[in-house]
Amino acid sequence: MVRELHVDEIAGALAKLCIDICYRMSPDMKAAVKRARELEESPIGREILDQLIANTEIAAEGEVPYCQDTGTTVVFVEVGQDVHLVGGALEAAINEGVARGYTEGFLRGSIVADPLFERKNSGDNTPAVVHTRVVPGDRVRITVDAKGAGSENMSRLAMLKPSDGIEGVRAFVLDTVERSGPNACPPGIVGVGVGGNFEGVAHLAKRALTRRVGDPNPDPRWAAFERELLDGANALGLGPEALGGTQTVLAVHVESAPTHIASLPVAVNMECHAHRAGHVEV
């Protein structure tokens, strides 16, 4: 049986989610930051982490954003094939929800309509970046990552040769973390995509950031590689805000996909300590 769903429900749920993730750090991310506080060996690193934790608590209590950069709104939508959307277009409803959330929540609008010439702020953080998939079922699942620009600007993509292998991927990921230095606002999460093609690998890296913080890849080979990359990144010694320490990265999430026999694409999407991600289902 096909379920009918009015797009206003999607807009409303998305508006609430945008506000919530900017005001309240998710429990998994907060736990990761607190765990880093226990592990950090640098006194100044521990002090920075204390301040980050206090900042999120003040923001939640006062219902204000815990970072002034409330990001580009990246929306992953999984639409059940047994859902009949009524009342308007899906993408218009998504942008309506984003606009309402950023306006009602007093979140900073950070999107310019034209990237090169006028660079005029759209005023309500639209348009969102939307990725849509049709999946089995009669529900619509929405995942949002409000991605800050500081860490986003440190992200990189490379089309490696297959002969570069796992060593090439490892070197590229760790070099990206090291180059990012303080600009990615560490400690954060590193989303890695391996495989697919040019545009697909960037999508993998972005989607990797939306996984519950620290949840390993279900494939034990990739999970072991994630742990190896995490240890390697933290051995760089950058630490919180790159002022020295052992806790540069809270988690490394790797997503993979089949690729061409002549290619080994890899993308690294850096995420800062202000990780704003969440899910809602309607």
Side-chain angles (χ1 to χ4, degrees), residues 14 17-18 21-22 25-26 28-29 32 67 69-79 91 94-95 97-98 110-111 115 125-135 141-160 169 172-173 176-177 179-180 183-219 222 225-226 229-230 233 249-259 263-280:
L14 190 52
L17 181 60
C18 287
I21 61 176
C22 287
M25 180 173 279
S26 64
D28 53 323
M29 185 62 178
C67 179
D69 182 355
T70 48
T72 297
T73 315
V74 184
V75 184
F76 297 87
V77 191
E78 295 178 325
V79 182
E91 192 149 331
I94 290 170
N95 282 315
V98 171
S110 302
I111 302 302
N125 224 47
T126 64
V129 177
V130 182
H131 305 284
T132 306
R133 287 199 308 170
V134 177
V135 298
R141 179 175 169 81
I142 303 168
T143 299
V144 171
D145 183 12
K147 189 71 176 62
S151 55
E152 184 79 351
N153 291 347
M154 296 296 105
S155 303
R156 298 165 72 208
L157 186 155
M159 302 300 290
L160 301 181
V169 174
F172 183 75
V173 172
T176 301
V177 173
R179 284 176 183 229
S180 298
N183 296 326
C185 292
I189 308 168
V190 181
V192 180
V194 181
N197 62 355
F198 180 78
E199 78 273 16
V201 74
H203 180 267
L204 288 172
K206 181 75 69 184
R207 199 173 68 192
L209 294 177
T210 64
R211 193 192 304 168
R212 189 175 181 277
V213 179
D215 275 2
N217 190 297
D219 185 321
W222 288 107
F225 192 40
E226 289 175 340
L229 291 172
L230 176 63
V249 171
L250 303 173
V252 178
H253 297 169
V254 183
E255 295 288 328
S256 65
T259 191
S263 294
L264 180 54
V266 55
V268 181
N269 198 195
M270 301 295 293
E271 179 73 298
C272 65
H273 58 73
H275 172 54
R276 296 166 294 259
H279 313 273
V280 67

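Only a predicted model underlies this, so the values are computations on that prediction, with no experimental measurement involved.
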Ala205 and Ala267: which non-hydrogen atoms are nearest, and at how many Å? CB-O, 3.7 Å
Nearest heavy-atom neighbours spanning Leu209 and His275: O-CE1, 3.2 Å
Where do His203 and Phe198 land on the ring pair (Phe, Tyr, Trp, His ring centres under 6.0 Å) test, with the steps shown first? CA-CA 9 Å; His203 180 267; Phe198 180 78; over 10 Å; no
Can you pull the salt bridge (Lys or Arg N to Asp or Glu O under 4.0 Å) pairs that have at least one residue in residues 190-202, sequence neighbours excluded? none
Nearest non-hydrogen partners of Gly196 and Thr259, listed with the distance: O-OG1, 2.7 Å
Rounded distance [0.5 Å steps], NZ in Lys206 versus OG in Ser155: 6.5 Å
Counting C-beta onward and ignoring hydrogens, is there a side-chain heavy-atom pair between Val75 and Ile142 closer than 4.5 Å? yes
If you round to the nearest 0.5 Å, how far is CG of Leu229 from CZ of Phe172? 12.5 Å
More than 12 heavy atoms of other residues, nucleotides or ligands under 6.0 Å from CD of Glu91: is that the case? no
Looking at Ser110 and Asp69, what are the two nearest heavy atoms and their distance? OG-OD1, 4.0 Å
Beyond-backbone contact of Val252 with Phe225, side-chain heavy atoms, under 4.5 angstrom: no
Ile189 versus Val213: any side-chain heavy-atom pair under 4.5 Å? yes
Strictly distance-based, threshold 3.5 Å: is any side-chain N or O of Asn217 a donor or acceptor partner for the main-chain N or O of His253? no
Determine the minimum heavy-atom distance between Val201 and Gly193, stating which atoms define it. CG2-O, 3.2 Å
Side chain to side chain contact (heavy atoms under 4.5 Å, CB included) between Val144 and Val74: does it pass, once the steps are laid out? CA-CA 6 Å; Val144 171; Val74 184; over 6 Å; no
Check: Asp145/Thr210 side-chain N/O donor and acceptor closer than 3.5 Å: no
Side chain to side chain contact (heavy atoms under 4.5 Å, CB included) for Ile94 and Leu14? Distances and angles first, verdict last. CA-CA 7 Å; Ile94 290 170; Leu14 190 52; 3.6 Å; yes
Please walk me through it: do Asn153 and Asn183 pass side chain to side chain contact (heavy atoms under 4.5 Å, CB included)? CA-CA 8 Å; Asn153 291 347; Asn183 296 326; over 6 Å; no
For Thr73 and Asn125, test the side chains for any donor-to-acceptor distance below 3.5 angstrom and give the result as yes or no. yes
Scan Glu78, Arg141, Arg212 and name whichever one has a side-chain hydrogen bond (donor to acceptor under 3.5 Å, both in side chains) with His279. Arg141
Pairwise distance CE(Met270) to OG1(Thr176) - rounded to 0.5 angstrom: 7.5 Å
Any side-chain heavy atom of His273 sitting closer than 4.5 Å to one from Pro186? no
Decide yes or no for Val254 and Val194: does some side-chain heavy atom of the first lie under 4.5 Å from some side-chain heavy atom of the second? yes
Could you tell me which non-hydrogen atom of Leu230 sits nearest to which non-hydrogen atom of Val249, and how far apart they are? CD1-O, 3.3 Å
Decide yes or no for Thr126 and Ile111: does some side-chain heavy atom of the first lie under 4.5 Å from some side-chain heavy atom of the second? no
Step by step, would you call Met159 with Leu264 a side chain to side chain contact (heavy atoms under 4.5 Å, CB included)? CA-CA 6 Å; Met159 302 300 290; Leu264 180 54; over 6 Å; no
Out of curiosity, Lys147 NZ to Glu152 CD, how far, rounded to the nearest 0.5 Å? 4.0 Å
Between Arg276 and Glu271, is the closest basic N to carboxylate O distance under 4.0 Å? no
dist Cys272:SG -> Leu250:CG (nearest 0.5 Å) comes out at 10.5 Å
